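As a basis for the values below, the full set of heavy atoms in this structure was taken, side chains included, without hydrogen atoms, waters or symmetry mates. Because the structure is predicted, anything quoted here is derived from the model rather than measured.
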Amino acid sequence: MARHRQCGFSLLEVLVAFSVLALSLGVLMQTFSLSSRNIGISADYAKALALAESKLDEVGDLIAIAEPAAGEALEGAFSWRLDSVPMASDYAGPSAVVPYRVTVVVEWGPPGQRRNLSLETIKLEAPQ
């Protein structure tokens, strides 16, 4: 008796293979979309950090150290706020400087999903 050999795949095997392929492609697409979203978020954080650092650098030169300030940057996508608070100092010499705690807060994002970044430093103001 001659045995009849099957040459090829059954319909069930093909359906299982396509199902496995579809599931793995779905997982890959989700991974790529999440990574591209995270790249966008990290780029926004980098812009906010650069803006906050530049505003801290301007304190004392372009922005008065003892006055709060606020504004928008990068076509209105980012808003920033700067606050300064005098700190207590133990030194009371003839040319005593006044230390200020300076805080910059940068906010961005759509309403309901606002993100923010805050930087803080100490600046010294010479007496007038």
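Cluster annotation: Val105 is not connected to Val59 through the hydrophobic network of ILVMFWY side chains, with a link wherever side-chain heavy atoms come within less than 4.5 Å. Under a hydrophobic-cluster definition in which Ile, Leu, Val, Met, Phe, Trp and Tyr are linked whenever side-chain heavy atoms come within less than 4.5 Å, directly or via other members, Ile41 and Val106 are assigned to the same cluster. Note on Leu56: it does not cluster hydrophobically with Val85, by side-chain heavy-atom contacts below 4.5 Å among ILVMFWY residues.
Among all heavy-atom pairs drawn from Ala52 and Leu117, the shortest one is CB-CD2, 4.1 Å.
Between Ile39 atom CD1 and Asp44 atom CG the span is 12.5 Å, to the nearest 0.5 Å. Rounded to the nearest 0.5 angstrom, Asp83 CG and Arg101 CZ are separated by 12.5 Å. Separation of atoms NZ (Lys47) and OG (Ser42) is listed at 10.5 Å; rounding is to 0.5 Å.
Residue pairs meeting the ring pair (Phe, Tyr, Trp, His ring centres under 6.0 Å) criterion with at least one partner in residues 34-86, sequence neighbours excluded, are Tyr45-Trp108, Phe78-Trp108.
Remark: Lys55 engages Glu58 in a side-chain hydrogen bond (donor to acceptor under 3.5 Å, both in side chains) (not counting sequence neighbours). Among residues two or more places apart in sequence or in another chain, the side-chain contact (heavy atoms from CB on, under 4.5 Å) test is passed with Ser54 by Leu51.
The closest side-chain heavy-atom distance from Ile122 to Met87 is below 4.5 Å. Contact annotation: the side chain of Ile65 never approaches that of Leu124 to less than 4.5 Å [non-hydrogen atoms, C-beta and beyond].
If you check the side chains of Glu72 and Ser79, you find no donor sitting under 3.5 Å from an acceptor.
Judged purely by atom type and a 3.5 angstrom limit, Glu13 uses its side chain to pair as donor or acceptor with the backbone of Ser10.
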Next on the checklist: Pair Leu49, Leu119 - check side chain to side chain contact (heavy atoms under 4.5 Å, CB included), show working.
Outcome noted: CA-CA 8 Å; Leu49 180 62; Leu119 292 182; 3.8 Å; yes

Checklist entry - Please walk me through it: do Leu23 and Val27 pass side chain to side chain contact (heavy atoms under 4.5 Å, CB included)? => result CA-CA 6 Å; Leu23 285 173; Val27 168; 5.8 Å; no

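Heavy atoms from other residues, nucleotides or ligands lying under 6.0 Å from CZ of Arg37 number 12 at most.
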